[in-house]
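Worksheet for the structure shown next.
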Amino acid sequence: MEIISHRGYWKTKQEKNTLEAFERSFELGFGTETDVRDFNGELVISHDIPTGNEITFLQFLKLVAGKNVSLALNIKADGLTQKLSDALSLFDIKKAFVFDMSVPDQLGYYRHGGIEFFSRASEYEPVISLYKECHGVWLDAFESIWYDMDYIEALLRDGKKVCIVSPELHNRNNFKDLWSMLAHSNFINSENLILCTDLPEEAQNYFKVSL
């Protein structure tokens, strides 16, 4: 299993999606999830509507170039496919996938074919869009852990990568319940399993994952 940080490895909420948080994550060997939008024709890192003070996507990629970690790119705007593909190619980024785009935009990534895309599953999204075509599943749980280990194992058997959202991302403090369930599963060592967490070092120690 690979552990990735959520909006960088931040220590204070103000550090989310900042160069400091990304540098910390990459230097410790963790990949990361982050948010990509466009502003005045340029790709930027921003969860909310950009104001012009955000770091650019190219600045972000410079930090990770040459590192063997995964990037989970939360797509916050349609029509970014070609710009995103060009930027990833410029820095020879191999381990990146996109998710959370609209279904029409998701079709665009599928037809483009140059970037891996994940489809979503949650208690509010029981039908996984473009399941046969997607490279993986972003497995979310807004209210409670609605899935079980059989569900995850079935996704893995279908050849899908699975990125699991740890509960603390939704301000739930029962994340150890999920972690325990994963730790005792038969597929904890699968290279196609990813955990996205606000607590990457704690998760690394818990799962005894080598980076």
Side-chain angles (χ1 to χ4, degrees), residues 1-13 15-17 21-35 47 64 67-74 94-100 116-128 131 134-211:
M1 182 177 72
E2 181 180 5
I3 295 167
I4 65 173
S5 61
H6 174 234
R7 302 184 200 168
Y9 184 9
W10 48 272
K11 299 291 189 176
T12 66
K13 291 184 178 181
E15 285 188 336
K16 291 183 181 182
N17 277 339
F22 294 132
E23 285 177 330
R24 184 182 295 121
S25 189
F26 300 147
E27 288 303 315
L28 290 172
F30 300 111
T32 198
E33 179 272 350
T34 191
D35 308 286
H47 180 266
V64 74
K67 293 181 170 61
N68 186 35
V69 297
S70 291
L71 303 180
L73 305 177
N74 189 326
K94 303 296 187 185
K95 293 180 67 176
F97 66 87
V98 295
F99 72 101
D100 243 11
E116 289 193 357
F117 74 93
F118 282 31
S119 293
R120 289 182 55 88
S122 76
E123 62 266 56
Y124 299 110
E125 301 151 294
V127 178
I128 302 174
Y131 182 68
C134 71
H135 299 89
V137 173
W138 182 265
L139 186 55
D140 213 339
F142 293 95
E143 308 296 339
S144 63
I145 304 303
W146 57 274
Y147 51 82
D148 58 19
M149 294 299 96
D150 289 340
Y151 183 90
I152 298 174
E153 191 166 14
L155 297 176
L156 293 170
R157 281 201 309 268
D158 283 346
K160 306 301 180 185
K161 298 177 183 178
V162 182
C163 189
I164 302 172
V165 175
S166 196
E168 74 277 3
L169 270 64
H170 295 303
N171 299 312
R172 300 202 310 274
N173 61 10
N174 63 336
F175 58 90
K176 288 287 181 67
D177 293 341
L178 170 67
W179 291 11
S180 176
M181 188 167 68
L182 290 173
H184 291 90
S185 70
N186 296 324
F187 47 80
I188 185 61
N189 294 319
S190 172
E191 62 182 13
N192 286 331
L193 191 66
I194 305 168
L195 179 71
C196 182
T197 176
D198 284 330
L199 307 165
E201 284 191 290
E202 186 171 342
Q204 180 189 15
N205 292 330
Y206 185 91
F207 292 105
K208 297 179 174 58
V209 173
S210 298
L211 299 176

Does some side-chain heavy atom of [Y] sit less than 4.5 Å from a side-chain heavy atom of [X]?
| X | Y | value |
| --- | --- | --- |
| P167 | I145 | yes |
| L195 | I4 | no |
| L182 | I152 | yes |
| Y147 | L178 | yes |
| L155 | I128 | yes |
| L169 | C196 | yes |
| E201 | L28 | yes |
| H47 | K16 | no |

If you take all heavy atoms of [X] and [Y], which pair is closest and at what distance?
| X | Y | value |
| --- | --- | --- |
| T197 | A203 | CG2-CB, 4.2 Å |
| M149 | S185 | SD-CB, 3.9 Å |
| V137 | Y131 | CG2-CE1, 4.1 Å |
| W138 | A72 | CZ3-CB, 4.0 Å |

Donor on one side chain, acceptor on other, [X] and [Y], under 3.5 Å:
| X | Y | result |
| --- | --- | --- |
| S5 | E33 | no |
| E23 | Y9 | no |
| D140 | Y124 | no |
| W146 | S122 | no |

Check R7 with E15, please: is the shortest side-chain N to carboxylate O separation under 4.0 Å?
no
Do E202 and K176 sit within salt-bridge range, that is, some charged N less than 4.0 Å from a carboxylate O?
yes
Mark yes or no: K160 above the aromatic ring of F118, with NZ or CZ under 6.0 Å from the six-membered ring centre and no more than 45 degrees from the axis.
no
Atom [atom1] of [X] and atom [atom2] of [Y]: how far apart are they, to the nearest 0.5 Å?
| X | Y | atom1 | atom2 | value |
| --- | --- | --- | --- | --- |
| I188 | F207 | CD1 | CZ | 5.0 Å |
| L156 | N186 | CG | CG | 11.0 Å |
| S119 | L139 | OG | CG | 12.5 Å |
| K13 | D198 | NZ | CG | 9.5 Å |

Determine, stepwise, if the pair T34 / N74 fulfils side-chain contact (heavy atoms from CB on, under 4.5 Å).
CA-CA 6 Å; T34 191; N74 189 326; over 6 Å; no
Checking side-chain contact (heavy atoms from CB on, under 4.5 Å) for the pair E27/K67: CA distance, chi angles, key distance, verdict?
CA-CA 9 Å; E27 288 303 315; K67 293 181 170 61; 3.8 Å; yes
Hey, can you tell me if F97 and F99 have their rings parallel, tilted or perpendicular (30° and 60° cut-offs)?
tilted
Where does the angle between the aromatic ring planes of F117 and H135 fall among parallel (under 30°), tilted (30 to 60°) and perpendicular (over 60°)?
perpendicular
Check for a donor-acceptor pair, side chain of [X] on one end and backbone N or O of [Y] on the other, with a separation under 3.5 Å.
| X | Y | result |
| --- | --- | --- |
| S25 | F22 | no |
| R172 | S166 | no |
| D148 | Y151 | yes |

L193 and its side chain to side chain contact (heavy atoms under 4.5 Å, CB included) partner, picked from M1, K161, E2:
M1
Determine, stepwise, if the pair H170 / V165 fulfils side-chain contact (heavy atoms from CB on, under 4.5 Å).
CA-CA 9 Å; H170 295 303; V165 175; 4.0 Å; yes
Going through the checks in order, is the side-chain contact (heavy atoms from CB on, under 4.5 Å) test met by T32 and F26?
CA-CA 8 Å; T32 198; F26 300 147; 3.8 Å; yes
